[in-house]
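Below is one structure, written out as structure tokens; the observations come after it.
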Amino acid sequence: MLMGKAWTLHVEKVIGTTLNENLRMISDSIGYLIGKGCKVIFDAEHFFDGWKANPAYAARTIQAAAEAGARIVVLCDTNGGSMPEEVAASVRAASATLSGLGRSAGGVPVGIHCHNDCELAVANSLAGIDAGAVQVQGTINGFGERCGNADLISVVGNLAFKKRGYQVLRGQPLRHLTELSRFVYETANAHIRSNQPFVGQSAFAH
């Protein structure tokens with residue numbers, strides 16, 4: 001997995017380079033890794049902020065990644081400030097941008113990476129899936145920086161029980177979700193949340 005900047009503000013003010021040089025760095029880095037035999041997933045950091053500020057440039061960053069050979073381009077809500085409708089619209093636009101590029105011109109698929117600063121990481125991940133994302137990045141129990149990442153327990157639960165047409169965990173029994181959640185809590189020496197959706201003792205306890 002390789003991360004690169006998709007927001008003009010971060011390109012110019014954080015890493016202190018030009019917009020064109022950022023595109024070259026994305027392309028050259030992916031090309032180098034592919035030359036070493038790696039399969040590259042490109043995470044477009046701050047993609048949604050970048051799309052709001054300058055959609056044309058954000059599109060160029062993911063185009064550069066696709067043309068350089070990235071297998072998947074992951075759209076990151078790094079600040080956790082996007083709304084589901086914004087995520088859905090941007091994922092559709094990004095997918096259209098990448099159609100016909102890479103993977104023998106069949107188009108490069110997109111993934112979604114959401115943070116939970118607005119308590120929307122799971123909702124935004126599901127909105128991204130509905131809009132065409134084929135990969136979700138997240139963590140078990142939502143552990144992560146600041147307010148956390150998308151909780152994969154809830155993403156899997158919603159795909160399995162609330163949405164149609166999805167096979168999750170390759171058919172493995174979903175009853176192990178609770179066991180997995182508790183194992184991660186214990187490994188992290190963290191308190192189990194009784195009010196955690198799907199796997200907490202208080203969930204669906206009427």
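Side chains included, hydrogens not; waters and symmetry mates left out as well; all remaining heavy atoms used.
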Measure the spacing between [atom1] of [X] and [atom2] of [Y] and express it to the nearest 0.5 Å.
{"X": "Leu98", "Y": "Glu67", "atom1": "CG", "atom2": "CD", "value": "9.5 Å"}
{"X": "Ser90", "Y": "Lys52", "atom1": "OG", "atom2": "NZ", "value": "7.5 Å"}
{"X": "Leu180", "Y": "Arg182", "atom1": "CG", "atom2": "CZ", "value": "12.0 Å"}
{"X": "Asp43", "Y": "Leu2", "atom1": "CG", "atom2": "CG", "value": "8.5 Å"}
{"X": "Ser202", "Y": "Asn195", "atom1": "OG", "atom2": "CG", "value": "6.5 Å"}
{"X": "Asp49", "Y": "Cys76", "atom1": "CG", "atom2": "SG", "value": "11.0 Å"}

Is there a chain of hydrophobic side chains (I, L, V, M, F, W, Y, each step under 4.5 Å between heavy atoms) that links [X] to [Y]?
{"X": "Phe161", "Y": "Leu159", "answer": "yes"}
{"X": "Leu174", "Y": "Val155", "answer": "yes"}
{"X": "Met3", "Y": "Leu23", "answer": "no"}
{"X": "Val134", "Y": "Leu75", "answer": "no"}
{"X": "Val184", "Y": "Ile192", "answer": "yes"}

[Y] side chain reached by [X] side chain, heavy atoms, under 4.5 Å:
{"X": "Arg60", "Y": "Asn20", "value": "yes"}
{"X": "Tyr57", "Y": "Val11", "value": "yes"}
{"X": "Ile30", "Y": "Phe42", "value": "yes"}
{"X": "Glu145", "Y": "His115", "value": "yes"}
{"X": "Ile129", "Y": "Lys163", "value": "no"}
{"X": "His46", "Y": "Leu9", "value": "no"}
{"X": "Ser95", "Y": "Val91", "value": "yes"}

Derivation of the side chain to side chain donor-acceptor pair (under 3.5 Å) call for Asn54 and Thr8: CA-CA 7 Å; Asn54 188 331; Thr8 54; 4.9 Å; no

Under 3.5 Å, side chain of [X] to main-chain N/O of [Y], donor-acceptor pair present?
{"X": "Ser125", "Y": "Ala121", "result": "yes"}
{"X": "Asp77", "Y": "Ser82", "result": "yes"}
{"X": "Asn116", "Y": "Leu120", "result": "yes"}
{"X": "Glu86", "Y": "Met83", "result": "yes"}
{"X": "Thr61", "Y": "Ala58", "result": "yes"}
{"X": "Asn141", "Y": "Ser181", "result": "yes"}

Plane angle bin for Tyr185 and Phe143 - parallel if under 30°, tilted between 30 and 60°, otherwise perpendicular: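 Answer is perpendicular, since the angle exceeds 60°.
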
Ring geometry between Trp7 and His10 (parallel below 30°, tilted from 30 to 60°, perpendicular above 60°):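 His10 and Trp7: parallel rings.
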
Considering non-hydrogen atoms only, spot the tightest contact between [X] and [Y] and give its length.
{"X": "Ile62", "Y": "Ala44", "value": "CG2-CB, 4.0 Å"}
{"X": "Pro197", "Y": "Ile153", "value": "O-CG2, 4.4 Å"}
{"X": "Ala70", "Y": "Ile34", "value": "N-CD1, 4.4 Å"}
{"X": "Ala131", "Y": "Ala88", "value": "CB-O, 3.4 Å"}
{"X": "Arg71", "Y": "Pro109", "value": "O-CD, 3.3 Å"}
{"X": "Ile26", "Y": "Lys5", "value": "CD1-O, 4.0 Å"}

Residue Phe183 excluded, over 12 heavy atoms near CZ under 6.0 Å: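 At most 12 heavy atoms, drawn from other residues, nucleotides or ligands, come within 6.0 Å of this atom.
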
Residue Gln201 excluded, over 12 heavy atoms near CD under 6.0 Å: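 Result for CD/Gln201: open.
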
Derivation and outcome, side chain to side chain contact (heavy atoms under 4.5 Å, CB included), residues Phe47 and Ile112: CA-CA 10 Å; Phe47 176 80; Ile112 187 77; over 6 Å; no

Check: Thr17/Asn22 side-chain N/O donor and acceptor closer than 3.5 Å: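 Asn22 and Thr17 do not have a side-chain donor-acceptor pair below 3.5 Å.
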
Donor + acceptor pair across side chains of Gln137, Asn149 (<3.5 Å):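 Gln137 vs Asn149: no donor-acceptor pair found between side chains.
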
